[in-house]
Amino acid sequence: MRYEGPIYRPPSEADSLLIQATVGCPHNKCTFCMTYKKGPPFRVRSVQEIKEDLEKAKDTFGDFIQTLFFPAGNTIAMPTEDLEQICSCARSIFPRLKRITVYGSSRYIHKKGLAG
Ligand code: SF4
């Protein structure tokens, strides 16, 4: 598994497959949060790399995965087209998938606008 930075997931994702789609947090200014204060800086991983990690997870766990969490702060900030591609890929690789989750603050959701 390729992963950069601290892994932080909510208890509700205890049984989920964790695949990193973004690194760090694009905001990183909440005074109460130390998760990414020492880095790594925010960046979006390539769709190709993320798809490779999904394929690798299938090799390891089979197609039994039912919940998938893309960790790191505000993964919702990644380009919508990229997010759509990795979600569609995950759905085709794991036919029993029922839920995909990301962290996302309202600021980054609002930035996408109605079309995005
Ligand atoms: S948006 Fe989330 S991850 Fe980013 S600094 Fe704030 S609490 Fe931490």
Side-chain angles (χ1 to χ4, degrees):
M1 176 180 171
R2 293 181 282 195
Y3 202 94
E4 194 179 334
I7 299 177
Y8 192 86
R9 58 126 182 95
S12 57
E13 303 298 335
D15 296 326
S16 297
L17 172 66
L18 307 183
I19 297 288
Q20 189 168 33
T22 60
V23 175
C25 172
H27 179 61
N28 208 16
K29 289 178 186 157
C30 298
T31 53
F32 58 85
C33 174
M34 300 305 292
T35 311
Y36 304 108
K37 287 291 186 291
K38 293 181 179 172
F42 179 76
R43 70 181 176 85
V44 178
R45 295 183 68 216
S46 78
V47 168
Q48 184 56 40
E49 272 188 20
I50 300 164
K51 286 181 176 178
E52 287 170 10
D53 288 353
L54 288 165
E55 291 284 356
K56 181 73 176 168
K58 181 178 180 175
D59 291 345
T60 304
F61 302 112
D63 60 7
F64 297 103
I65 299 296
Q66 295 193 343
T67 56
L68 166 64
F69 179 51
F70 292 118
N74 282 296
T75 293
I76 198 73
M78 78 185 292
T80 305
E81 307 77 44
D82 291 2
L83 200 50
E84 190 275 332
Q85 278 196 60
I86 62 172
C87 288
S88 296
C89 177
R91 185 69 180 86
S92 65
I93 289 175
F94 301 110
R96 298 176 201 197
L97 195 60
K98 292 179 180 166
R99 187 184 76 216
I100 300 174
T101 317
V102 299
Y103 282 128
S105 70
S106 54
R107 175 182 169 191
Y108 294 98
I109 295 169
H110 181 71
K111 263 185 172 179
K112 290 183 178 293
L114 293 176

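Here the structure is a predicted model, which means the values were calculated and not measured. Atoms within a ligand are numbered from 1 in the order they appear, just like the ligands themselves.
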Check your understanding: Can you tell me if Thr80 and Glu84 form a side-chain donor-acceptor pair at under 3.5 Å?
Key ->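 Result is no, nothing qualifies.
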Exercise for review: Each residue besides Met34 in its hydrophobic cluster should be listed here, by chain and number; the cluster joins Ile, Leu, Val, Met, Phe, Trp and Tyr at side-chain heavy-atom distances under 4.5 Å.
Suggested key: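 Once heavy-atom contacts under 4.5 Å are chained together, Met34 still belongs with nothing else.
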Point to revise | Asn74 neighbourhood, listing ligand 1 atoms whose heavy-atom distance to it stays under 4.0 Å | key: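 Reading through ligand 1 atom by atom, the close ones are 1 (S).
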Practice item. Determine, counting only non-hydrogen atoms of the protein, whether one lies under 4.0 angstrom from atom 1 (S) of ligand 1. Key: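 Flag for atom 1 (S) of ligand 1 set to true, protein heavy atom closer than 4.0 Å.
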**Study point:** Distance below 2.8 Å from atom 8 (Fe) of ligand 1: protein N/O/S atoms
**Key:**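 You should have found Cys33 SG.
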**Study point:** Side-chain donor or acceptor of Arg107 paired with backbone N/O of Lys111 under 3.5 Å
**Key:**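 No, Arg107 side chain to Lys111 backbone: no donor-acceptor pair under 3.5 Å.
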Check your understanding: Quick check: does any side chain N or O of Lys51 sit under 3.5 Å from a backbone N or O of Ser46, one acting as donor and the other as acceptor?
Key ->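 Absent.
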So, [X] and [Y], do they make that salt bridge, N to O below 4.0 Å?
X: Arg45; Y: Asp53; result: yes
X: Arg43; Y: Glu4; result: yes
X: Glu13; Y: Arg99; result: yes

